[in-house]
Amino acid sequence: MDARAPKGTVDMLPGTARAWEFMTKTAQDLFGRYGFEPIYTPLFEHTEVFTRGIGEATDIVSKEMYTFEDRSGRSLTLRPEGTAGVVRAALEHGLAAQGSSAKLYYAGPMFRYERPQKGRMRQFWQIGAEVLGAAEPSTDAEIITLLVRFFESVGIPLDRMTLLLNSMGDEACRPAYRERVRQFILQKGAELCEECNRRADTNPLRAFDCKNPECVAVMADAPLLRDSLCDECAEHYESVKRHLDLVGIAYVEAPRLVRGLDYYTRTVFEVQVTHGLGSQNAIGGGGRYDRLMQEYGGPPTPGLGFALGFERTLLALEAAGVDVGAAPRTDVYVAAVDADVRPAAFVTAARLRDAGMAASLDHQARSLKSQFKQADRLGARLVVVIGPDELASGQVTIRNMDTKDETRAAVDDVVVAVRSRLG
RNA sequence: GUGGGCGUAGCUCAGUUGGUUAGAGCGUCGGACUGUGGCUCCGAAGGUCGCGGGUUCGAGUCCCGUUGCCCACCCCA
């Protein structure tokens, strides 16, 4: 068989896995301080959860989903993002029912059928946070702050990230604006690429996302939503900015920032970095989705959240020269001189571990010399040597690997002796 | 879906105009007078040269196909 992982997936070997754990722990601690609680939702959902939530016309739904039928003929889809499932779960369990609110975070893999490249995988990991049942602009500022603080906490220098901010309007002002953009595109049709022309009817705002230089140039003259926000949206947006100012979170207004999921309303944001991501630039992003719960048939429930990518965050950290997650270091290595004393070494290591120390030993009857090499490689500060001599006198030898001092201790006292020597 | 680059030991790579037993560094294992590490020295193990065809007396080296990886487009985390 082919031992290689499927295209677009990777094994997270210990070095990467440690970074994953570091990021997860950082999030658990930080998000907890902001009042968020963990939630785990299924890795797959009924396909409709995503098609209705994310939007039929989006790239994700139209060409990137892992959709399959189970043995009963249900259409299921591996989650391409985390928000839809969390909102669905909140609806199912009434987590934000009747005016209550919920603050939830999750971490885990997402799946999108794409051509892999730097910072882009078919299975990729995200941490996300969602607030359901909160409409106030201070909530937007709070969750944006959390996102920025997370990146700071793991070690991305502030001067390497940019927070982009925009408002997408709501059902009161977006439809009219959308129509204006559509008209604009139709008018400029000849100057825009084929894809953008197609977008005119399906999702005109996405034309702002086109990287084609000519399209970018043309779209630069397109009407901006900022100039046609309804009063409520404009007010909300201003308030979000004021709250960010209050806590000193720097942002750059990006009136053309349009994110790839249809459920966003009002606030959208994205954190970009300049180094390490190849042709990608966003390490995290999110926004408000005040109509998503209704889309699922639930009561009107405002919501907002963000997601950040593990892989991209790690790339940004590496580019910034941040060393994440050192390998665990062995405190003490237990060396056996010959086969007769190996049971004693085995027991000694077990006792040291039971007492809370990190102990290692050889199981392959290697020479004493190679056991020392191993001890050195593992970074052991002490080596407990057990041999015929020691056993005869009921003692063990304890060598300090840094100073090379060797002392003896009674076998029965080895735990205490090692602990005191470890300081 | 489209385009470009690349696939040689566990890892990073060399392999001359096609020519005999495919190399190096690192890593691993063993050894350098009797039970002791980091440096040094010696030695060993380890390779279907991605896979399949073809050209040739002969191919890791050339041609075709295929597959995988990487990077980019698209879009996003």
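Heavy atoms only: backbone and side chains are in, while hydrogens, waters and symmetry mates are out. Reminder, nothing fancy here: chain letters follow the sequence lines and each chain counts from 1.
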### Task
Indicate, with a heavy-atom threshold strictly under 4.0 Å, whether Gln123(A) touches base, sugar-phosphate, or nothing.
nothing
### Task
Would you mind reading off the distance between Lys369(A) atom NZ and rC33(B) atom C1', rounded to a whole angstrom?
12 Å
### Query
Under 3.5 Å, is there a donor-acceptor pair linking the side chains of Thr407(A) and Arg421(A)?
yes
### Task
Report which part of the nucleic acid Gly278(A) touches: base, sugar-phosphate, or nothing (heavy-atom distance under 4.0 Å, all strands).
sugar-phosphate
### Task
Tell whether Lys373(A) reaches the base of rG30(B) with its side chain through a donor-acceptor pair below 3.5 angstrom.
no
### Query
In whole Å, what is the span from the CZ atom of Arg79(A) to the P atom of rC76(B)?
20 Å
## Note on the structure
Scanning all shown strands, the Watson-Crick or wobble mate of rC73(B) with both distances under 3.5 Å is rG1(B)
### Query
Base, sugar-phosphate, or nothing: which does Glu114(A) touch, judged by heavy atoms less than 4.0 Å apart?
base
### Message
If you assign Asn400(A) and Arg122(A) each to the RNA chain B nucleotide with the nearest heavy atom, which residue ends up on the more 5' nucleotide?
### Response
Asn400(A)
### Summary
Closest to the side chain of Gln117(A), out of rC71(B), rG37(B), rG35(B), is rC71(B)
### Query
Judged by modelled atom types alone, do Gln187(A) and Gln183(A) share a side-chain donor-acceptor pair under 3.5 Å?
no
### Task
Send over the distance from Arg377(A) CZ to rG38(B) P, rounded to a whole Å.
10 Å
### Message
Just to be sure I understand the rule, does Met110(A) reach a base, reach only the sugar-phosphate, or reach nothing, if contact means heavy atoms closer than 4.0 Å?
### Response
nothing
### Query
What is the distance, rounded to the nearest whole Å, between atom CG of Leu315(A) and atom C1' of rA77(B)?
11 Å
### Query
Are any of the side-chain heavy atoms of Ile283(A) and Gln272(A) separated by less than 4.5 Å?
no
### Proximity to the side chain of Pro116(A) - top-ranked nucleotide from rC76(B), rG38(B), rC70(B)
rC70(B)
### Query
Does Tyr113(A) have Arg122(A) sitting over its ring (NZ/CZ under 6.0 Å from centre, angle to axis within 45°)?
yes
### Query
Should Thr397(A) be listed as having a side-chain N or O under 4.0 Å from OP1 or OP2 of rG35(B)?
no
#### Entry: Complementary nucleotide for rU34(B) - Watson-Crick or wobble, under 3.5 Å
none
### Task
May I ask you to decide if the ring planes of Trp20(A) and Phe310(A) are parallel, tilted or perpendicular, using 30° and 60° as cut-offs?
tilted
### Query
For the pair made of CZ in Arg399(A) and C1' in rG37(B), what is the distance, rounded to whole Å?
7 Å
### Message
Nearest to the side chain of Arg312(A), heavy atoms from C-beta on, is which of rA77(B), rG37(B), rG35(B)?
### Response
rA77(B)
### Query
Is Phe310(A) stacked on the base of rA77(B), meaning ring centres closer than 5.5 Å and planes within 30 degrees of each other?
no
### Under-3.5 Å donor-acceptor pair between Glu406(A) side chain and rU36(B) base
yes
### Task
If the plane angle is over 60° it's perpendicular, under 30° parallel, otherwise tilted; pick one for Tyr264(A) and Tyr289(A).
tilted
### Query
Are Thr267(A) and Asp140(A) linked by a side-chain donor-acceptor pair shorter than 3.5 Å?
yes
### Message
I need the CG-P distance between Leu314(A) and rA77(B), as an integer number of Å.
### Response
18 Å
### Query
Between rC76(B) atom C1' and Tyr263(A) atom OH, what is the distance in whole Å?
12 Å
### Message
Students often get this wrong, so: under 4.0 angstrom with heavy atoms, is Val385(A) touching a base, only sugar-phosphate, or nothing?
### Response
base
### Out of rC29(B), rC76(B), rG3(B), whichever nucleotide has its closest atom nearest the side chain of Leu261(A)
rC76(B)
### Query
Looking across every strand, which nucleic acid part, if any, lies under 4.0 Å from Ala282(A) by heavy atom: base, sugar-phosphate, or nothing?
sugar-phosphate
### Task
Write down the distance separating the C1' atoms in rA72(B) and rG53(B), rounded off to the nearest Å.
31 Å
### Message
Applying a 4.0 Å non-hydrogen cut-off, can you work out what Arg115(A) is touching in the nucleic acid: base, sugar-phosphate, or nothing?
### Response
base
### Message
I'd like the C1' distance from rU8(B) over to rC42(B), given in whole Å.
### Response
27 Å
## Note on the structure
Lys118(A) NZ to rC6(B) P, in whole Å, measures 19 Å
#### Entry: Arg4(A) side-chain proximity, nearest of rC70(B), rG68(B), rG35(B)
rG68(B)
### Query
Hey, is the side chain of Ser367(A) poking within less than 4.0 Å of OP1 or OP2 on rG35(B), counting only N and O atoms?
no
### Pairwise P distance, rC39(B) and rG35(B) [rounded to whole Å]
23 Å
### Message
Any base atoms under 4.0 Å from Ser370(A), or only sugar-phosphate, or nothing? Heavy atoms, all strands.
### Response
sugar-phosphate
### Query
When you compare rU17(B) with rC70(B), how far apart are their P atoms, in angstrom units rounded to a whole number?
32 Å
### Query
Reckon Arg259(A) touches a base, only the sugar-phosphate, or nothing at all at heavy-atom distances under 4.0 Å?
sugar-phosphate
### Message
Quick check: any donor-acceptor pair below 3.5 Å linking the side-chain of Gln371(A) to the base of rG35(B)?
### Response
no
